[in-house]
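Only one structure is covered here, and it is reproduced in the block below.
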Amino acid sequence: MEVRTRFAPSPTGYLHIGGARTALFNYLFAKHHSALGGGKFILRIEDTDVARSTEDSTQAILDGMQWLGLNWDEGPYFQSKRFELYKGHAYKFLEMGKAYKCFCTPEELEKRREEALKQGRPPKYDGRCRNNPPSPPLTKGGKEGFAIRFKVPHGITLVKDLIKGNVAFNNDEIEDLVILRSDGTPTYNLCVVVDDATMEITHVIRGDDHLNNTPKQIMLYEAFGYPLPQFAHLPMILGSDKTRLSKRHGATSVMSYKEMGYLPHALVNYLARLGWSYGDQEIFSIHELIEKFSLENVGKSSGVFNPEKLIWLNQHYLKEAKPEELSLLLIPFLETKGYKVSADKRLVNIIKGFQERSKTLVEMAGAAEFYFKEDIQYEEDAAKKFLTPDMATIFEILISRLNSLQALTHEAIEAIFNDIINEKGLKLGKVAQPVRIALTGGKVSPGIFEVIENLGKETTIKRIKKAIEFIKSRN
RNA sequence: GGUCCCAUCGUCUAGAGGCCUAGGACGGAGCCCUCUCAAGGCUUAAACACGGGUUCGAAUCCCGUUGGGACCGCCA
């Protein structure tokens, strides 16, 4: 049988880190099996809450998934377009006597819940409408004035979870859940079951915050006579204080990582290793993830989101990336800084110098700025320390020798520097560092020969001349 | 409060009763390399929550305690 997984977010916000990992695991599981013969990854938008769902959120989720490369094989399906299907199921229950009309108003329910909580009783629906006769009208026009509740049978419901193992629930602890609201709209538990069953989902992989819902859903499957999917409940992702990851822990939206200059694969690799492992391996290509992913190697305990490790992975992939590919990714970041740059050979060469020095594309764009600026500013302390009077003559020599150079190659530049330090009896650092300040304005940059090469003869000489003037004006 | 889940370095984790003097990775510390910063190389500190069992033998199995988390909606 073909493996079919799904990611089913509700469009009430952006795609966040936790959702992305759930989507990733579903994707990897399906693709793993698709390589073995059959596997589909389905996207379904759970927008039954009309008040909170927005189209912007749907788009944001789609964008996030596309950026991560989590391409779905089917969908997106929208629950809002399937209301009649759910309603039909609810009314079928009514006819079968497996559900009943509940005339309690939300206000009454809320009041009773509060009272129960105050008295230390479980805030469970008391079932007072349970024995209402299945009276007509069984209208389907909406605004029924009553909700439909599922009649939870007595007994024990066993969840056979692929990650958590067997978990038994006593049905008496579970209240008769509303499956159709009094405004005629279906609720979550009804929709998931109807959808997962009719979409023939074989593996429901989701956060373990849903574990407590699972017995309810199993009862619905059984009441409908639908075959049960396999369940796999993933442990939660926590923030540094070990509570559920949320905005106050910092960036949680997937797209904010794009904006911060992360590579999508770095995030994918990080998320894959958060809760899943494959021996001691840390670095995985997407191909390897698909090949090696299995639910058996998913851990049971929740994990803390660690931005430091994500940064390390990002740096790693920045280092490994082809500079040509990076140039395309870097351009937007340079543009937001106001530089119009094209993806040419020069940009590629520039990038090579920053691949081992940047943690993010944002950082890279910042560090590379001196290449594109018309006028550079000196860092105050750097200028004071390195643009000293004795450097003026060395700068003059440098200018004349660079001027006489035919081609500005790395080797030729290095030879010039070597000659100068040998003649003057200096160490390379004594010359390189002042030149670095003169050319970049700061104390940190790629290798100085490389900087000169990429800057070009004209700009290099112009900036050194400016440094000489600066030195003279100061003394 | 009730129900459920979870428990190895600060963090992510390896570990399927003897291979464990507990391994790897991030982060930390130190050293080397070096034109700066990185990268890289080497070294190092750092954990089986606690208490009982079971067993010749337990990080691993069982029970309890403690701690953490999730869920208890006409949200999803």
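Because the structure is predicted, anything quoted here is derived from the model rather than measured. Naming: A, B, ... by sequence-line order, numbering from 1 per chain.
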Figure out the [atom1]/[atom2] separation between [X] and [N], and round it to whole Å.
X: A:Ile174; N: B:G2; atom1: CD1; atom2: P; answer: 17 Å
X: A:Tyr278; N: B:A25; atom1: OH; atom2: C1'; answer: 17 Å
X: A:Gln217; N: B:A76; atom1: CD; atom2: P; answer: 12 Å
X: A:Glu173; N: B:C72; atom1: CD; atom2: C1'; answer: 10 Å
X: A:Leu245; N: B:G69; atom1: CG; atom2: P; answer: 14 Å
X: A:Leu238; N: B:C5; atom1: CG; atom2: P; answer: 17 Å
X: A:Trp276; N: B:G24; atom1: CH2; atom2: P; answer: 20 Å
X: A:Met236; N: B:G69; atom1: CE; atom2: P; answer: 13 Å

Indicate whether OP1 or OP2 belonging to [N] is found under 4.0 Å from a side-chain N or O atom of [X].
X: A:Lys242; N: B:G67; answer: no
X: A:Gln281; N: B:A25; answer: no
X: A:Arg244; N: B:C71; answer: yes
X: A:Arg273; N: B:A25; answer: no
X: A:Lys164; N: B:C5; answer: no
X: A:Arg181; N: B:A76; answer: yes
X: A:Thr48; N: B:C75; answer: no

Report the nucleotide, chosen from [options], that has the shortest atom-to-atom distance to any side-chain atom of [X].
X: A:Val167; options: B:A76, B:C4, B:A38; result: B:C4
X: A:Lys309; options: B:C71, B:C6, B:G24; result: B:G24
X: A:Arg113; options: B:G23, B:A25, B:G73; result: B:G73
X: A:Arg436; options: B:G27, B:C35, B:C75; result: B:C35
X: A:His210; options: B:A14, B:A76, B:G73; result: B:A76
X: A:Lys319; options: B:G40, B:A38, B:G73; result: B:G40
X: A:Asn306; options: B:C26, B:C75, B:G40; result: B:C26
X: A:Ser277; options: B:U13, B:C75, B:U36; result: B:U13
X: A:Thr243; options: B:C74, B:A76, B:G69; result: B:G69
X: A:Ile448; options: B:C35, B:U36, B:G69; result: B:C35

Tell me what [X] touches on the nucleic acid: a base, only sugar-phosphate, or nothing, going by heavy atoms under 4.0 Å.
X: A:Ser301; answer: sugar-phosphate
X: A:Glu282; answer: base
X: A:Cys104; answer: base
X: A:Asn213; answer: base
X: A:Gly447; answer: base
X: A:Gly275; answer: sugar-phosphate
X: A:Phe169; answer: sugar-phosphate
X: A:Leu109; answer: base

Just by distance, no angles: are the side chains of A:Ser445 and A:Arg436 close enough, under 3.5 Å, to form a donor-acceptor pair?
yes
Salt bridge (charged side-chain N to carboxylate O under 4.0 Å, His left out) for A:Asp381 and A:Lys384? Distances and angles first, verdict last.
CA-CA 5 Å; A:Asp381 61 325; A:Lys384 197 171 169 187; over 6 Å; no
When rounded to the nearest Å, what value does the distance between [atom1] atoms of [N] and [M] take?
N: B:G27; M: B:U21; atom1: P; answer: 30 Å
N: B:A25; M: B:A14; atom1: C1'; answer: 11 Å
N: B:G15; M: B:C61; atom1: P; answer: 13 Å
N: B:C4; M: B:A46; atom1: C1'; answer: 33 Å
N: B:A45; M: B:G57; atom1: C1'; answer: 31 Å
N: B:C48; M: B:G41; atom1: P; answer: 30 Å
N: B:A59; M: B:C19; atom1: P; answer: 9 Å
N: B:A49; M: B:G10; atom1: P; answer: 11 Å

Taking atom types as they are modelled, is there a donor-acceptor pair under 3.5 Å from the base of [N] to the side chain of [X]?
X: A:Glu110; N: B:G73; result: no
X: A:Thr187; N: B:C74; result: no
X: A:Asn189; N: B:A76; result: no

The single option from A:Ser80, A:Ser10, A:Ser53 passing side-chain hydrogen bond (donor to acceptor under 3.5 Å, both in side chains) against A:Asp47:
A:Ser80
Show your working on salt bridge (charged side-chain N to carboxylate O under 4.0 Å, His left out) between A:Arg181 and A:Asp183 and close with a plain yes or no.
CA-CA 5 Å; A:Arg181 301 185 187 97; A:Asp183 65 359; 5.1 Å; no
Proximity of A:Trp276 and A:Phe284 rings by center, below 6.0 Å
yes
Take a 6.0 Å sphere around OH of A:Tyr14 and say whether it holds more than 12 heavy atoms from other residues, nucleotides or ligands.
no
Lys/Arg-Asp/Glu bridge criterion (N-O < 4.0 Å) met for A:Lys124, A:Asp176:
no
Given the rule in the ring pair (Phe, Tyr, Trp, His ring centres under 6.0 Å) test, do A:His210 and A:Tyr188 qualify, once you have shown the distances and angles that lead to the verdict?
CA-CA 11 Å; A:His210 286 286; A:Tyr188 165 73; 5.6 Å; yes
Mapping A:Pro9 and A:Gln433 onto RNA chain B by nearest heavy atom, which one lands closer to the 5' end?
A:Gln433
Return whichever of A:Leu274 or A:Leu211 has its heavy-atom-nearest nucleotide of RNA chain B closer to the 5' end.
A:Leu211
Could you point out which residue of A:Ile42, A:Leu43, A:Ile45, A:Asp195 forms a side-chain contact (heavy atoms from CB on, under 4.5 Å) with A:Tyr77?
A:Ile42
